[in-house]
Number of protein chains: 2
Amino acid sequence: MATTIRDVARAAGVSQATVSRALSMPELVRADTRARVEAAARELGYRPNRAARGLITGRTGNLGLIVPDLANPFFASVVKGVQAAARAADHSVFIADTDEEAGAEVDLSRALSKQVDGLILCSPRAPDEELAAVGSDTTVVLMNRMAGERPSVTVDNADGMRQALEHLVALGHRRIAFVAGPRTSWSNAQRETGLRGTAEAGGVDLVHLGHFPPQFEGGVAAADLAVASGATAVIGYNDLVALGLLSRLGARGIPVPDAISVVGCDDIGMSAMNHPALTTVSVPKRSAGRATVGLLLSMLDAGAEAGPVHRELPTQLIVRDTTTVAPVSPTKGSTR
Amino acid sequence: MATTIRDVARAAGVSQATVSRALSMPELVRADTRARVEAAARELGYRPNRAARGLITGRTGNLGLIVPDLANPFFASVVKGVQAAARAADHSVFIADTDEEAGAEVDLSRALSKQVDGLILCSPRAPDEELAAVGSDTTVVLMNRMAGERPSVTVDNADGMRQALEHLVALGHRRIAFVAGPRTSWSNAQRETGLRGTAEAGGVDLVHLGHFPPQFEGGVAAADLAVASGATAVIGYNDLVALGLLSRLGARGIPVPDAISVVGCDDIGMSAMNHPALTTVSVPKRSAGRATVGLLLSMLDAGAEAGPVHRELPTQLIVRDTTTVAPVSPTKGSTR
DNA sequence: ATGAAAGCGCTAACAG
DNA sequence: CTGTTAGCGCTTTCAT
C-alpha cells in the first residue's frame, strides 16, 4: 500500500492532524514541527490521496471536459488549453469524447459529475432542455454554446462571419454560398445569423447549402452544390469543410480562387499549411479553453451563485490565398 | 448535497449495506428487496460516489493517459481509442498533455497515480531510468514505447519502414533520405533501425537527416536538406513532417513525385486529404489505444503480476500519389 | 438474506 | 500550536 498520512505522522512523531495542517496550512504550525513533518513526508514519498480529501472537503481537484470529437483539431486545441489551465491551477481533467452523438453528452456528464468539481461542456449538441437536466450534482460551464442562464464562454461567431462576408463583398462578390454545419450546432446557428444579417445589409445573395457533417468529407460532398449554385465564393462551416471544398474543387479542375473563392472558419493549423493557404476566421481555441477553466474555477471559489456569467472572445479574419476578386464570368462557365 | 446511499437506504427501508449489495452484488439479495432498493435509487437519482467506493475497494474506476501533444492528430486518435475502450469498460480517463516536454511526464504521472487504477504513458520521451521511477503507486502500461520489463503495446515500426523502403527500391530509388524525429522518441529509433537494416540488405544509400520536431514545421525545415542530399526519395518521421516536406518542395517548385518521392508514417487523416495524397505507413492508432486499455484492465483484474507483457500491432504501407519511379536525372538538377 | 459496526485516508471542529 | 474526535460515502466482515 502507498504511504498514508498516518505513516508520516508516526515518522514525524506528531498526530495526523498536524501532518495535515503542516502540509495544507503551513502557517498554523510551528516552524520546526513543520520541518519535521515535511522531512518525513519527503522521505516516505508521501502524496496525499485527493479522493479521500475530496470526500470531506467536497472538492476533488478534478475538472471534466466533454467534447464532440477529439479527432477534430479544433477540439484538440481546446482540450490543450483546458488541460494547461487546469494544470496551472493544480487540477486534473477528465476527458470524454461523444463522437458527435448528442445523447452521450448527458450520459457522460452524469457519469463524471460525482468525481469533478465542475464540468465543461464544449460545443454540446443536445437541445437546451436536455442540457438543463445536467448539473444538479456539479457546476457546469458551457463553451462555444449558450443555453438559458448557464454560464458560458463563447467566441463572436457572428462577427467573424461578418468580417468574412464583408471581405468577400469588398472583393466584388455578390452571390455567396454557405455550407452549413450540424443542424444542432449552436455555433452553426450563430454563423448563419451573422451571415444573414450582413448579407441583407450589403445586398448580397446568400445561398444556404444544406447541413453537412463538420468534416472534410462534408466539404467534399458540398463542393458540387456550391459550384452549381452559381456563387462566386463559398464559406465553409469550418476549416475542415473548407478544406474538403478545396479538395473537390481541385479534383474537378476548378481553380481557386480564380474561379471561386473559399473561406473557412476556426483557423486550425492545417489551413495555413494547405496549398493554397486557406482564408479563414481565426477563433481563439486555446484561450477559450483557458478562459472557460478560469470562469469555472472562479465560480467554484465564489462558492454560491455569482449569477449568470458569459464571456465572449473576439474572432479575426485571416486573409490567405483562397480569396480574391470575383471572377468576371460566372463560376459555371469555368467548369469543364 | 447529492443523494447518498443513506438516503436510498432510508427510502427503501433497508440498511446501507443492503443497498450496497443490491446494487453491486444483486444475487445476494432477495428479489423483492432488490426491487425496492432499485426503485428508490432510481427515484432519488442515486449515483454512487466512486471516490468513496475507491477508498475502500482500492479501485477508482479511473485511468490516466499521458501524451506528448494533443494537437498532433496521431495522439488525438490514440486518445479517442483509449477513451472509447475505457468507456466501454465503465471507466473514466484523465488526460494530460506534456507539450513534448519529457520532464512533465514523470510529474504528471505522479500527480495522477493516486487517483487512477492504471496509467498509460503514450510515446513517453523520458529516458528508461526516469520511467522506471514511475509506477510504485499504480500500474503502468507503455504505449508506443518499450522500456525494461514494462508491459507495453507497440506497433511494428521497423516493418512499416521496411515496407516503405522496399516500395521505393522497387520503384528504382537507390539514394533515400530519412528525416528523423525527436532524438528521445523510441519510435523514431525503431524506424531508423528498420530502415538501416533494410537499406543494407537492399544496397541502398540511406541519408540520415538530423533530428527535427515531429511537426509540419520540422518537415518544412528539412526539405531543402533532403533535396541537397541528392536523394530521389525522402521518408519523413511522420505524416506531419512529410506534409511539411511537400509544402516546402511545392513552394520551391520541385514537383512531387516527379522530381522526388515522399513517404510519411502514421496515416493521419490529413495525408489522404492532401493534394497530392501522401504515401504513408498506416499505424493502427485507435486499435492501439483500445489494446492498451485492454492490457491494462486485464493486468488489474489479474491482481498480482502476470509477468511482463508486450503486444505488437502490425503496420501497413498505403501507396498514394507521392511516390513513383525514380527520376532519371538527379534531384539537384531540377532545382532552379 | 439482512443489519450493525468498523474503517478506507483525510480534514475540521473542538479542546486544551 | 497541537492532539482528540468525529465523520465524508461507501463496502465489508461479522453476526443474526
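A, B, ... follow the sequence lines: proteins, then strands. Residue 1 opens every chain. All heavy atoms count here, side chains included; hydrogens, waters and symmetry mates do not. What you see is a predicted model, and the numbers here were worked out from it, not measured in a lab.
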Spacing of [X] atom [atom1] relative to [N] atom [atom2], expressed in whole Å:
X: Ile5(B); N: dT12(D); atom1: CD1; atom2: P; answer: 11 Å
X: Arg6(A); N: dT11(C); atom1: CZ; atom2: C1'; answer: 15 Å
X: Leu55(A); N: dT11(C); atom1: CG; atom2: P; answer: 11 Å
X: Gln115(B); N: dG9(C); atom1: CD; atom2: P; answer: 16 Å

Using a 3.5 Å cut-off and no angle test, enumerate the donor-acceptor pairs between side-chain atoms of residues 66-81 of chain A and protein atoms at least two apart in sequence or in another chain.
{"residue": "Asp69(A)", "atom": "OD1", "partner": "Ala71(A)", "partner atom": "N", "Å": "3.0"}
{"residue": "Asp69(A)", "atom": "OD1", "partner": "Lys80(B)", "partner atom": "NZ", "Å": "2.5"}
{"residue": "Asn72(A)", "atom": "OD1", "partner": "Phe74(A)", "partner atom": "N", "Å": "2.8"}
{"residue": "Ser77(A)", "atom": "OG", "partner": "Pro73(A)", "partner atom": "O", "Å": "3.4"}
{"residue": "Lys80(A)", "atom": "NZ", "partner": "Asp69(B)", "partner atom": "OD1", "Å": "2.5"}
{"residue": "Lys80(A)", "atom": "NZ", "partner": "Asp97(B)", "partner atom": "OD2", "Å": "3.4"}
{"residue": "Lys80(A)", "atom": "NZ", "partner": "Asp99(B)", "partner atom": "OD1", "Å": "2.9"}

- Query: Which sits closer to the 5' end of DNA chain C, Ile56(A) or Arg21(B), going by the nucleotide each is nearest to?
  - Reply: Arg21(B)
Counting only side-chain N and O atoms of [X], is one of them less than 4.0 Å from OP1 or OP2 of [N]?
X: Ser20(B); N: dT11(D); value: yes
X: Thr4(B); N: dG9(D); value: no
X: Thr18(B); N: dG3(C); value: yes

Please tell me which of the listed nucleotides, [options], lies nearest to the side chain of [X]?
X: Gln16(A); options: dT4(D), dC10(C), dC10(D); result: dC10(C)
X: Arg53(B); options: dG3(D), dA12(C), dT11(D); result: dT11(D)
X: Asn49(B); options: dC10(D), dG3(C), dC8(C); result: dC10(D)

- May I have all residue pairs that pass salt bridge (Lys or Arg N to Asp or Glu O under 4.0 Å) and include part of residues 102-119 of chain A, sequence neighbours excluded? Arg59(A)-Asp117(A)
- Output the residues of residues 22-47 of chain A in contact with DNA chain C, where contact means a heavy atom of the residue under 4.0 Å from an atom of the strand; sort by number or write none. Tyr46(A)
- Task: Give one of base, sugar-phosphate or nothing for Arg50(A), where a contact means two heavy atoms less than 4.0 Å apart.
- Result: nothing
- Query: Between the two end axes of the helix from dA1(C)-dT16(D) to dG16(C)-dC1(D), each built from 5 base pairs, what angle do you get to the nearest 10°?
  - Reply: 40°
side-chain contact (heavy atoms from CB on, under 4.5 Å) partners for [X], two or more places apart:
X: Ala84(B); answer: none
X: Asp7(B); answer: Thr3(B), Thr4(B), Arg10(B), Leu44(B)
X: Pro26(B); answer: Arg34(B)
X: Pro213(B); answer: Gln215(B)

- Correct closest heavy-atom pair for Leu121(B) and Pro124(B) would be O-CD, 3.5 Å
- Message: Testing the basics here: between Leu313(A) and Arg311(A), what is the closest heavy-atom pair and its distance to 0.1 Å?
- Response: CD1-NH2, 3.8 Å
- Query: Sequence neighbours excluded, which residues qualify as side-chain hydrogen bond (donor to acceptor under 3.5 Å, both in side chains) partners of Gln16(B)?
  - Reply: none
